[in-house]
Participant: 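My questions will all concern the structure given below.
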Amino acid sequence: MDMKISFPDNKVIDAKSGITAGEAISLWDKNALDSAVAVNVDKMPADLSSVLNRDCSLDVIDINSDNGLDILRHSISHVMAHAVQVVFKGTKVSIGPSIENGFYYDFEYEKPFTTDDFTKIEEKMREIISADYPFIREELERKKAIELFASRKEDYKVELINDLPSDVKVVSIYKDGDYMDLCRGPHIPSTGKIKAFKLLSVAGAYWRGDEKNKMLQRIYGTGFADEKSLNDYLTLLEEAKKRDHRRLGKELDLFQINEEAGAGLIIFHPKGMMLRYLIEDWEKKEHLKRGYEMVMGPQILKVDLWKKSGHYEHYRENMYFTEIDEQTYGIKPMNCLAHMLIYKSKIRSYRDLPLRYFELGTVHRHEKTGVLHGLLRVRQFTQDDAHILCTPQQLNSEIRAIADFVHYAMGIFGFEYEVELSTQPADYIGTDEDWKLATDALRNALEDNKIEYKVNEGDGAFYGPKIDFKLKDALKRKWQCATIQCDFTLPERFDLTYIGADGERHRPVMLHRVILGAIERFMGVLIEHYAGAFPVWLSPTQCIILTVTDKHIPYAETVYDKLTQAGIRAEKYFENEKLGYKIRQAQIQKIPYMLVIGDKEMEAGTVAPRVRDGSNLGALPVQEFIALVKEMCEKKK
RNA sequence: GCCGAUGUAGCUCAGCCGGCAGAGCAACUGAUUCGUAAUCAGUAGGUCGCCAGUUCGAUUCUGGCCAUCGGCUCCA
């Protein structure tokens, strides 16, 4: 029986029913199979070995495509599980998907795996690869599959099959050599197709991601189409390590986290504080331009107020409390409460709205020890927080204005970001009706303004849904910085009202929002983003003056004075060292400009700026250099 | 909080299967006065994370705690 198979180039070939997808592909293009890992049959992914018996369209999944790489990595995870079960008898397997940049597999084994075990596992993997076992797909009736995995004591697999929806009658398994795994597929044709892989790390991971479940051992690894791509990736990891903000924070003398002071608490050194000051100063001005008013609330507020807001009930675990004169106070984990009280201090008219209260508010949250991470996850941090109280009709334009603000701010720093809409979580306050209103308000604002977003179900704050802006750092990790949260509940709980045009009392809506998020976290991301080489406007030290010999010091002093008088952040480096040494030191400190002062400059009354990138601006009068730096600051370069 | 690893000089890291603690860089002193990524010599610097236990003796072995790192869970 003949059938017609079509390909993406619109070529249609006739083939006998019963040939495999792989055979069909080589009939179409004899070279296409070389880099093929799987195939889409009528847009559904399938193995190259899958048998065709009706008219269909085929589309090769190339190893160099994102999809192909996923399939390759997933197959490598099977090979790793295979190897682990051979090397460590009695290991139970659970799940092993491909992930961004690699794959992992979760195991249960009596003893902890260490990175030293990787050598043995990798060796066994290489054996499996050179044996070139084909990946063989088999379909089993659900009950049979349960029996099969139960007989092999693979409890996790049994649980997975049991939990499949009841309409699933048949499951697929894949075999390579004497290993078998429950798997949807597809897989690469055989283990020999694997050319480049490496195991990277081992870590604990809860079964099914639930902390109530047993903790399994997760081995992370990665794989690529070829050795070179793998090495490029490993080099990239090394480069990323070099721009780790914790390392740069030390090297550039920006901040410390001191064991004696406490975990998750940042101590800013002069240079780190200068960076912070520059960011905050810029940000305050930007807020004032946009109709925000600066306010400030206290660090601690009586516990009853936290009960009123719902924080006590829903956020207590993350809060610190203290006793003063037999009264319990909560140390603020959020800034909204004082802002509510400011609103309530007067009778408000619809003409007053929107009110935009802005505070660089320092908050404390009791984060679990295991999650603390440099500047990115801390216990005390300062948010560039604002609460906007407005009428429901004003929501849309306010949200738009915030989204524009975020876009502008991210542009200044050159960050890419993605937008997510997070909806009602399991633990929440307020009515479902208000939640719907709030969620719709956010969604409509996104849609009206044609902002692309994805939905994060159940990820909202306890008092309202939110729009999250996730920016990407050097390691391509996504960090939540800006967020907009829509809240109908707190105005209700605090009985906030305004007098409308109709003379009646109405309830305002509140938007919580941050632009940079936490200043600490933002700085961490910023350090990695710039690899410590801050643009001129943000550099704690903008230029460093290097003397060639001691006799140039008096003139260098006059240059230093002119620069500092002009508001340029300059440093002296007049030590008795060779120029090359000083340049090296300045280079390591990533200072934007080095001003070399020698005979030529002294005689001509100039400076010779060497730029951080190694280029040279030649001799410039000091005033000209000052103008240049000022222009850079003006342009936020 | 959970799993695993780690904690030695300001920094990066050796070392110790129980017997006086080591290097490079940085710092300090001196010599050198030098033109675009490391001049030479010398000096000083450590309760070997903290607290117990075992031992004649613990930085080393054991236990607890603290902190850090890689993840999980949670989050700005």
Side-chain angles (χ1 to χ4, degrees), chain A residues 104 106 111-117 200-220 241 244 246-247 250-251 253 256-264 315 317-318 333-335 361 363 365-385 422 425 459 461 466 468-470 479-483 485 512-522 524-525 546-553 575-588 594-601 608-612 614-616:
Chain A
Y104 67 79
D106 287 349
K111 282 198 299 255
F113 297 134
T114 68
T115 45
D116 294 338
D117 296 328
L200 295 173
S201 61
V202 55
Y206 298 109
W207 167 234
R208 297 195 145 180
D210 188 334
E211 63 181 324
K212 288 182 203 77
N213 288 343
K214 191 177 170 65
M215 185 156 274
L216 306 177
Q217 300 191 61
R218 174 172 298 178
I219 298 179
Y220 283 95
K241 240 191 212 167
D244 187 309
R246 292 164 297 187
R247 176 190 181 124
K250 215 174 267 176
E251 287 173 1
D253 198 14
Q256 65 171 302
I257 299 169
N258 192 302
E259 199 178 321
E260 283 185 284
Y315 207 71
E317 262 75 82
N318 289 295
M334 297 184 195
N335 301 300
V363 297
R365 296 185 187 174
H366 184 196
E367 301 291 342
K368 293 172 177 177
T369 51
V371 306
L372 301 175
H373 182 99
L375 293 178
L376 301 180
R377 198 71 187 274
V378 294
R379 285 184 173 152
Q380 178 192 306
F381 57 98
T382 299
Q383 295 176 301
D384 57 340
D385 206 358
S422 296
D459 224 18
K466 53 183 187 164
D468 291 327
F469 297 79
K470 308 232 162 154
W479 285 101
Q480 180 170 332
C481 289
T483 167
Q485 307 175 350
H512 308 241
R513 48 104 286 186
V514 290
I515 303 296
L516 306 182
I519 304 292
E520 288 79 0
R521 171 177 292 182
F522 188 75
V525 175
L546 314 179
T547 45
V548 177
T549 74
D550 287 354
K551 70 178 176 195
H552 305 116
I553 292 176
E575 255 79 315
N576 174 9
E577 284 290 350
K578 289 170 83 166
L579 184 62
Y581 179 83
K582 294 189 193 184
I583 284 173
R584 181 182 152 79
Q585 295 305 321
Q587 197 74 44
I588 289 169
M594 300 163 212
L595 303 183
V596 177
I597 306 285
D599 287 343
K600 277 181 282 179
E601 290 72 27
R610 177 195 156 105
V611 190
R612 183 166 48 189
S615 68
N616 241 301

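Protein chains get the first letters and strands the later ones, always in sequence-line order, with residue 1 at the start of each.
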Participant: Between A:Phe113 and A:Lys250, which has a closest nucleotide on RNA chain B that is more 5'?
Facilitator: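 Looking at RNA chain B, the more 5' nearest nucleotide goes with A:Phe113.
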Participant: Give a yes-or-no answer on whether the side chains of A:Arg218 and A:Tyr220 include a donor-acceptor pair shorter than 3.5 Å.
Facilitator: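 A:Arg218 vs A:Tyr220: donor-acceptor pair found between side chains.
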Participant: What's the gap between B:G49 and B:A9 when it is taken at their P atoms, as a whole Å value?
Facilitator: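 Nearest-Å result for B:G49 against B:A9 at atom P: 8 Å.
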Participant: So if I define the base as every atom that isn't primed, P, OP1 or OP2, how would nucleotides 40-46 of chain B read as a B/S/- string at a heavy-atom cutoff under 4.0 Å?
Facilitator: -------
Participant: Side chain to side chain contact (heavy atoms under 4.5 Å, CB included) with A:Gln383: which of A:Val514, A:Ile519, A:Ile515, A:Leu516?
Facilitator: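 Of the listed residues A:Val514, A:Ile519, A:Ile515, A:Leu516, the side chain to side chain contact (heavy atoms under 4.5 Å, CB included) partner of A:Gln383 is A:Val514.
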Participant: Do the side chains of A:Lys368 and A:Glu211 get close enough for a salt bridge, i.e. N-O under 4.0 angstrom?
Facilitator: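 A:Glu211 and A:Lys368: salt-bridged.
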Participant: Nearest 0.5 Å, what's the CD1-CD1 distance between A:Ile583 and A:Ile588?
Facilitator: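 Reported value, rounded in 0.5 Å steps: 12.0 Å.
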Participant: If you measure from the Lys or Arg side-chain nitrogens to the Asp or Glu carboxylate oxygens, is any gap between A:Asp459 and A:Lys466 under 4.0 Å?
Facilitator: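 Looking at A:Lys466 together with A:Asp459, the answer is no, because their closest N to O distance does not fall below 4.0 Å.
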Participant: Calculate the interatomic distance between A:Lys111 atom NZ and B:C3 atom P; express it in whole Å.
Facilitator: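 Answer to the nearest Å: 18 Å.
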Participant: In whole angstrom, give me the gap between the C1' atoms of B:C25 and B:A38.
Facilitator: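 It comes out at 10 Å once rounded to the nearest Å.
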Participant: P atom, B:U8 versus B:U29: distance in rounded Å?
Facilitator: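 So the two P atoms sit 28 Å from each other.
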Participant: Side chains of A:Asp599 and A:His552: donor-acceptor distance under 3.5 Å anywhere?
Facilitator: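 Their side chains do contain a donor-acceptor pair, which is all the 3.5 Å distance test asks for.
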Participant: Is it true that A:Arg377 and A:Glu367 have a side-chain N and a carboxylate O under 4.0 angstrom from each other?
Facilitator: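 Looking at A:Arg377 and A:Glu367, the cut-off is met.
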Participant: Taking only nitrogen or oxygen atoms into account, show me every contact under 3.5 Å that the protein makes with nucleotides 35-37 of chain B, one pair per line with its distance.
Facilitator:
unit_1 : atom_1 : unit_2   : atom_2 : d
B:G35  : O6     : A:Asp599 : N      : 2.5
B:G35  : O6     : A:Lys600 : N      : 3.0
B:G35  : N1     : A:Glu601 : OE1    : 2.9
B:G35  : N2     : A:Glu601 : OE1    : 3.4
B:G35  : N2     : A:Glu601 : OE2    : 3.0
B:U36  : O3'    : A:Arg610 : NH1    : 3.4
B:U36  : O2'    : A:Arg610 : NH1    : 3.0
B:U36  : O2     : A:Arg610 : NH1    : 3.4

Participant: Take nucleotides 70-76 of chain B nucleotide by nucleotide from the 5' end and write B, S or -, depending on whether a protein heavy atom sits under 4.0 Å from the base, only from the sugar-phosphate, or from neither.
Facilitator: BBBBBBB
